[in-house]
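Reckoned from all heavy atoms, side chains included, excluding hydrogens, waters and symmetry mates.
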Amino acid sequence: MRIDIAAVGRLRKGPEAAMVADYLDRFAKAGRSLGLPSITLTEVEDKRGGGMAAEAELLGRAIPPGAALVCMDERGDQPTSPEFARRLAAYRDGARDLCFVIGGADGIDPSLRARADWQISLGRMVWPHMLVRVMLAEQLYRASTILAGSPYHRE
């Protein structure tokens, strides 16, 4: 199994980058014993100003062939952390690669969203795409701790 995050934009040095790195590192350590691989982060940037369609093309190239596609989108399901963990385990147990996609400021092009196996919303509010990276990284780490039976997640 392989897990990727494909995201629009470059995360510059700063608190968001530090938090993403920390949570992905924690995930790598916690997930190793659970059969979960380290997560690869691929950043794409449309320097020509082509909008969501151009971003979708770049994101499409970053998605590994055959990977289950999970789009982070405000219209998506709002799973609980335990539900998210169970879904992550199901992908792992099915030996299916997984790619989370985070769009740019305008979201994800409808053509790419239509290809998604699952769409996830982090709540009814809209979040800046750079913060979505932090929140997704934390939820992935949280999922690994739930699967490991760690007390990090409290119900």
Side-chain angles (χ1 to χ4, degrees), residues 1-32 34-79 81 84-85 87-92 95-145 147 152:
M1 173 188 204
R2 173 180 167 165
I3 301 175
D4 292 272
I5 297 173
V8 172
R10 306 268 180 225
L11 195 55
R12 310 278 185 249
K13 287 187 178 186
E16 296 92 347
M19 291 177 79
V20 168
D22 180 49
Y23 283 123
L24 294 182
D25 184 54
R26 289 185 195 194
F27 177 88
K29 291 173 184 167
R32 191 173 305 126
L34 300 168
L36 295 168
S38 297
I39 296 170
T40 301
L41 174 62
T42 303
E43 298 176 316
V44 301
E45 201 165 25
D46 172 35
K47 294 181 180 180
R48 298 177 194 243
M52 286 194 309
E55 291 172 354
E57 185 176 326
L58 293 169
L59 288 167
R61 286 189 227 143
I63 299 167
L69 177 59
V70 180
C71 288
M72 305 303 295
D73 186 84
E74 66 187 271
R75 292 165 285 267
D77 295 336
Q78 294 180 31
S81 294
F84 181 74
R87 195 79 173 257
L88 182 63
Y91 285 119
R92 176 201 61 199
R96 184 125 190 240
D97 291 343
L98 186 57
C99 184
F100 293 90
V101 171
I102 301 170
D106 295 322
I108 298 172
D109 190 78
S111 65
L112 185 55
R113 268 197 337 263
R115 291 178 38 200
D117 295 282
W118 192 23
Q119 293 181 48
I120 298 175
S121 170
L122 295 173
R124 292 181 11 206
M125 294 183 193
V126 175
W127 295 97
H129 62 284
M130 294 301 181
L131 284 181
V132 170
R133 291 185 197 197
V134 176
M135 296 164 70
L136 175 60
E138 192 281 337
Q139 283 301 303
L140 285 161
Y141 170 62
R142 182 176 297 272
S144 71
T145 66
L147 295 173
Y152 179 79

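For the pair Leu59 and Ala7, the tightest heavy-atom approach, listed with the atom from each and the gap, is CD2-N, 3.9 Å. Among all heavy-atom pairs drawn from Ala17 and Leu11, the shortest one is CA-CD2, 3.6 Å. Residue Ala6 comes nearest to Cys99 through the heavy atom pair CB-SG, 4.1 Å, listed as atom of the first residue, atom of the second, then distance. Nearest heavy-atom pair across Leu36 and Met1 is CD2-SD, 4.2 Å. Closest approach of Arg10 and Met130 over heavy atoms only: O-CE, 3.5 Å.
Residues Asp46 and Val8 form no side-chain contact, since every pair of their non-hydrogen atoms from C-beta on lies 4.5 Å or further apart. With contacts defined as side-chain heavy-atom distances shorter than 4.5 Å, the pair Ile63/Arg115 qualifies. Using a 4.5 Å heavy-atom cutoff, the side chains of Leu136 and Phe84 are in contact. Val44 has its side chain out of reach of Arg61: every pair of non-hydrogen atoms, C-beta onward, lies at least 4.5 Å apart. Counting heavy atoms from C-beta outward, Met52 and Pro110 have side chains that approach closer than 4.5 Å.
Rounded to the nearest 0.5 Å, atoms SG (Cys71) and CG (Asp109) are 10.0 Å apart. Here the straight-line distance linking atom CG of Leu140 with atom CD1 of Ile5 works out to 5.5 Å at 0.5 Å rounding. With rounding to the nearest 0.5 angstrom, the CE atom of Met135 is 8.0 Å from the CE atom of Met72. How far CZ of Phe100 is from CD1 of Ile102: 9.5 Å, rounded to the nearest 0.5 Å. Note: Leu122 CG to Gln78 CD = 8.5 Å, rounded to the nearest 0.5 Å. We find the CZ-OH distance between Arg142 and Tyr23 to be 7.5 Å, quoted to the nearest 0.5 Å.
Within the 3.5 Å criterion, the main-chain N or O of Arg75 finds a donor-acceptor partner in the side chain of Asp73. Between the side chain of Asp77 and the main chain of Pro79, no donor-acceptor pair closer than 3.5 Å is present. Judged by distance alone, the side chain of Asp97 and the main-chain N or O of Arg2 form a donor-acceptor pair under 3.5 Å. At least one donor-acceptor pair closer than 3.5 Å links the side chain of Asp117 to the backbone N or O of Leu69. Side-chain atoms of Arg113 come within 3.5 Å of backbone atoms of Ile108 as a donor-acceptor pair (strictly under, hydrogens ignored).
No more than 12 heavy atoms of other residues, nucleotides or ligands sit less than 6.0 Å from atom CE of Met19.
Taking the six-membered ring where tryptophan is involved, the planes of Tyr141 and Tyr152 are perpendicular, since the angle between them exceeds 60° and thus also 30°.
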Legend entry - Check against side-chain contact (heavy atoms from CB on, under 4.5 Å), Ile120 and Gln139: CA-CA 12 Å; Ile120 298 175; Gln139 283 301 303; over 6 Å; no
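A side-chain hydrogen bond (donor to acceptor under 3.5 Å, both in side chains) check over residues 124-133, counting only residues at least two apart or in different chains, returns the pairs Glu43-Arg133.
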